[in-house]
Amino acid sequence: MLELVTVSLLNGVVYGLLLFMLSSGLTLIFSMMGVLNFAHASLFMLGAYLSFQFGRWVGFWPALVVAPLVCGVVGAAIERYGLSRVHARGHVAEILFTFGLAYLIEELVTMVWGRNAVANAVPAVIDFPLFHVFGSTFPAYKGLMMLISLAMFAFLYLALKKTRIGLVIQAALTHPKMLSALGHDVPGVFVLVFAVGSALAGLAGVIGGFMLLTQPTLAHAIGPIVFVVVVVGGLGSLSGALIASMLIGILQTFAVAVDYSLLDLFRALGVIVSRGSPVYELLAIKLATAAPIVPYLLLVLMLIVRPRGLLGTRDV
Amino acid sequence: MNACTRRILALGFTIACLAGPAAADVKIAFIDPLSGGGAATGILAQKTHQFYIDAINAAGGLNGEKLELLSYDNKVNPQESLIQLKRALDEGARYVVQGNGSSVALAITDAVQKHNERNPGKEVLFLNYAAVDPALTNEKCNFWHFRFDADADMKMAALTDVIARDKKVQRVYLINQDYSFGKAVAAAANKMLAESRPDIKIVGDELHPLQKVNDFSPYVAKIKAAGADTVITGNWSNDMVLLIKAGKDAGLKVNWETYYGGSPGAVTAIGEAGVDALKQVSEWHRNAAPELDATVAAFSKRYPGKENEYAYWRAKTMWDMFAAAAKKAQSNDPVKVARAMEGMKMSTSLGEVEMRADNHQLLQPLFVSTLARNVKYDSEGSGLGWKTDAKVEGKATALPTTCKMERPK
Amino acid sequence: MSGATAAGEHGARSAVPGRRTWRLLAAVALLVALPYLPGFQSDFGRSLLTQMAIAAVFALSFNLLFGQTGLLSFGHAVYFGLGGYAAIGLMRAINHGLPLPMLAVPLAGAAGGLLAGAVFGAVTTRRAGTIFALISLGVGELVYAATFMLPGIFGGEEGITASRTRATVDFGFPLGSQLQVYYAVLLWTVAAALAMYAFTRTPAGRMCNAVRDNPERAEFIGYNTQRVRFIAFAMAGLFAGLAGGLHAINYEIVSADAVSAQRSGTVLIMAYIGGAAYFIGPILGAIVITWLQSSLSDYTSAWLLYLGVFFIVMILYAPSGLAGLIVMHRRVARPRALAGVLAAYGIALVPLALMAGGAILAIEMGYRLSTQPELGTRMRLLWMPLDAASPSPWIVAAVALVGGLLLFRAVVPVVASAWERAAARA
């Protein structure tokens, strides 16, 4: 039991930090520009593919730097040449644009690398057991991922709160016109924010590409959960995103370990539900089977009860 | 504007649609996953079927007519598959080949039966090369469906025979995909283990969503916590590879008794950790016979590369039998070919095979094999390959059937 | 249908059918005759028409939310799918002896969609805008996952099948062949389209527009915006469920795919590309996208990429959709004015063709190399044979693309001035 709890906690934290890595960029973009970037998971996928390709050409460590840079440049281009035209037409148009972009990136990736999963194996340099816990090994690349994830958090937190450019970005969020009147280049700020957000997604993709299978459907597989994290965590809040990702990661991992259902709970309380009852099947669902929908339940609940999220500073 | 627009559009479509499908040839529709989680398996299968169809064409075709393979992506989705089936039928296909996704196979066999009832004279046959839900040759059997892979129960019987003889196996964990096939595997494992080794304790019976789990670490943690020494799983494609990967990452030391341990990528994922631990039940593996059949070399020449490693021996059996049936019937008409194929016996380099007339299930030899070092032919360039533990002859794989087949007059 | 007024709209109804009614009748007559026109006489052609009709109803129902009420939903397929499940349930009951005609099955779909719309709408319409979009996404994923977790109700992975021919009564209207299915679907499609159009003309429909344009003002004149949105949501659910019922009849199977995020995304693209600001827009979008999905995939494996590019281009440069483009050209439909515009288009066509040609060449070669390498590198683009492994076609593609782009940018002012002249003349 202790083994299961410890290992599950560890797995949950790892998964949560992966989600944070993925959603930190989206939090930045959504909070700063109000743009719900559907293409964020696609940039994550692009980062995974680029790290695979560059890894083949120049090795893992250079790829770790180059892949996010390329994603950042792509993000800057998207904002500068595409999204900026759409800002004036409101959030709906922005969402639709990034939605179309997601389709586009998925197909471009297919065009270059094919439909099969690419052999994006963990590089030998980080493929060794870092430590043992209760007989299970904890691979080093997961440790690297945790490190990078926490480093992202620290970087973003410090950059936003302590640097001048961070203050400018925060001001652009709430008072873009005033900021513009003061002489700051607001469109330029937006390009910067989008570029950094995309670069973060790319960096997440480098590591995420080893943990998950690098194939064109990767964005579809991980995309929706990222939105959950950003919304549950709260808009405008980096700490909220971290807490939300850890919450979801741990909840989902623990849920898989629980083989009980509401039916068992009722039975323990002395309430017997007959097999013929229409809700029987619903109550008989084991928590382990329901684990994949835990994030979405959380999303819907949060949006109904507290739309600004856990630590959100502003409403959507 | 309403009518005007519609007229213009209608005209445009008329012109576009006039470029319709070509005529002649025997058209064969291949409806399997060509994208997404099942793509690795589906694309490899497509190449295999194309290879054998080209071989038939090179030898003069089927009763003089050339075969043409039309491919459709089913995305492992029954509804999408039926849409593709409709397209295939509209484009003139008389034979449907499918295997990946028993859920899809169930939908197709139902749709084919309806189509044949409503369109006498335009019947279509369903050649199933990989969907192994037992229902397809039992309660859901029909005359138009022929299965060329041993069903889940037959394979479990072979696996449990080998497990039963291994006294070291004490605690078994079942993990499968939550759909018809996965549930069939779990049910068969429970039943057959109870019969042959009642002392074995089944410490877990897990069903996970099909092709949706990205990270199997929580499941691996459960397997560990349950203290299992053996894991039985029917997982295939991504689900197999990711499960194995998570197991290796966590240093899980169990016997992996699998149906699809030979899935592209699985051997690479497990590596050395799989030696003497990863086992599979299959109708062939690279070391099943002393020498590799010439077909393997020819296939590898045409499709080089690790991801194209030959895997579908049963496809060869299927096309050989199909060609022989068409020759025997002296016709390419599906009904005549079907009648000729029922009950047909053939000799292959691995043993005798027979297409049962009562439920259209092929009986062929099955091998239970383990990953080992120092074998003649390795897999995926890993230096590791399969070694036979046991071989079950075709006839011995037969199981009783509940099929009540209605035959056309 | 949008904008143009006809006799009989205001005040007393005229005894003589107006111009608009004649147009409608002509359109319906065309639709009835369509399966007999050359090109549509095969099962494939008729099947395509049926798919277009179903998609049209679905897209129109989506637009009740999006275009009419300003609610962007990423989970509209939920109501389509739940309606479909309700319908296939009724079909199974009919298969087992219930004495209803198959033709009535879409009503079950509509009922299912309405129920689902009412239940989910009560909770989700409290907010609009981005929150609504996110909730719809979450609800969509929830329902999709639930269909797998409740196999007793939803049939699990395999879905639920039924037969459209096994019925005890059919009133002489069986649904055996694709042709019969087409007419049944057409009947319901025309009825649904008319009903939805009628809804947009009711006070409720008009209030939906008001809530879309200025919710604060709508509140000020005394309307509860949440209630208005709820009504729109329920109506949209009803018609989406109806489309789901038609789908159940056409395919005889409903599985989790019917409520998937992919389907929600497709209907959104249809409504937007067609033109969400016009009633007929989604119909156009449904026809075009269905055709692209069916037929373009026969010619190229890159069709989804082309669709993505098409969508993005529309968002950037033609946000009012295909219907908007048609209306825009209708305004300059006087012969002299139009000639100038057409001439400018002719000039712009050359760089456009160059650009498109270069892009298509590169894309097709890329797809061939990455997804079908075993077919070799020799291939044909239309009539031209080429070798994708050699550098020359790539250089040609790059030059065409870049050159075309530069030329196109030079030509844009010409087109713009032609439009100005045309607008002045019209």
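Labels below follow one simple rule: chain letters A, B, ... track the order of the sequence lines, proteins then strands, and each chain is numbered from 1.
Rounded to the nearest 0.5 Å, atoms CG (A/L299) and CG (C/L142) are 8.0 Å apart. The CD1 atom of A/I225 sits 8.5 Å away from atom CD of C/E141, with the distance rounded to the nearest 0.5 Å.
Between chain A and the residues C/P151, C/G70, C/G140, C/A146, the largest count of heavy-atom pairs under 4.5 Å involves C/P151. Interface summary for chain C: among A/V86, A/V228, A/L36, the most heavy-atom pairs under 4.5 angstrom belong to A/L36. Considering only heavy-atom pairs separated by less than 4.5 Å from chain A, the leading option among C/G308, C/G152, C/A302 is C/G152. When the candidates C/L137, C/I135, C/L316 are compared by the number of heavy-atom contacts under 4.5 Å with chain A, C/L316 comes out ahead. Taking A/R89, A/R85, A/H220 one by one and counting their heavy-atom pairs under 4.5 Å with chain C, the maximum is reached by A/R89.
Contacts between C/I153 and chain A at a heavy-atom distance below 4.5 Å involve backbone atoms as well as side-chain atoms. When heavy atoms are compared at a cutoff of 4.5 Å, A/L297 approaches chain C by way of both its backbone and its side chain. In this structure, chain A has a heavy atom under 4.5 Å from the side chain of C/L268, while its backbone stays farther away. Neither the backbone nor the side chain of C/Y306 comes within contact range of chain A; no heavy atom of the residue lies under 4.5 Å from a heavy atom of that chain. With a 4.5 angstrom heavy-atom cutoff, C/L304 touches chain A via backbone and side-chain atoms both. Contacts of A/L104 with chain C are made by both backbone and side-chain atoms, with heavy-atom separations under 4.5 Å. Residue A/F227 touches chain C through its side chain alone, counting heavy-atom pairs closer than 4.5 Å. The contact between A/Y103 and chain C is made entirely by side chain atoms (from C-beta outward), counting heavy-atom distances below 4.5 Å. With a 4.5 Å cut-off on non-hydrogen atoms, A/I105 does not touch chain C at all. Contact annotation for C/Y367: both backbone and side-chain heavy atoms come within less than 4.5 Å of a heavy atom of chain A. The contact between A/I285 and chain C is made entirely by side chain atoms (from C-beta outward), counting heavy-atom distances below 4.5 Å. When heavy atoms are compared at a cutoff of 4.5 Å, A/V112 approaches chain C solely by way of its backbone atoms N, CA, C and O.
The two residues A/M111 and C/L305 make their nearest non-hydrogen contact at SD-CD2, 4.1 Å. The minimum heavy-atom distance linking A/A93 with C/I315 is given by the pair O-CG2, 4.3 Å. Nearest heavy atoms, A/V300 versus C/V139: CG2-N, 3.9 Å.
In this structure, A/R306 places its CZ atom where more than 12 heavy-atom neighbours from other residues, nucleotides or ligands lie under 6.0 Å away. Residue A/R56 qualifies as open at atom CZ: its count of foreign heavy atoms under 6.0 Å is 12 or below.
Using bins of under 30°, 30° to 60° and over 60° for the plane-to-plane angle, the ring pair A/F38/C/F74 lands in the tilted bin.
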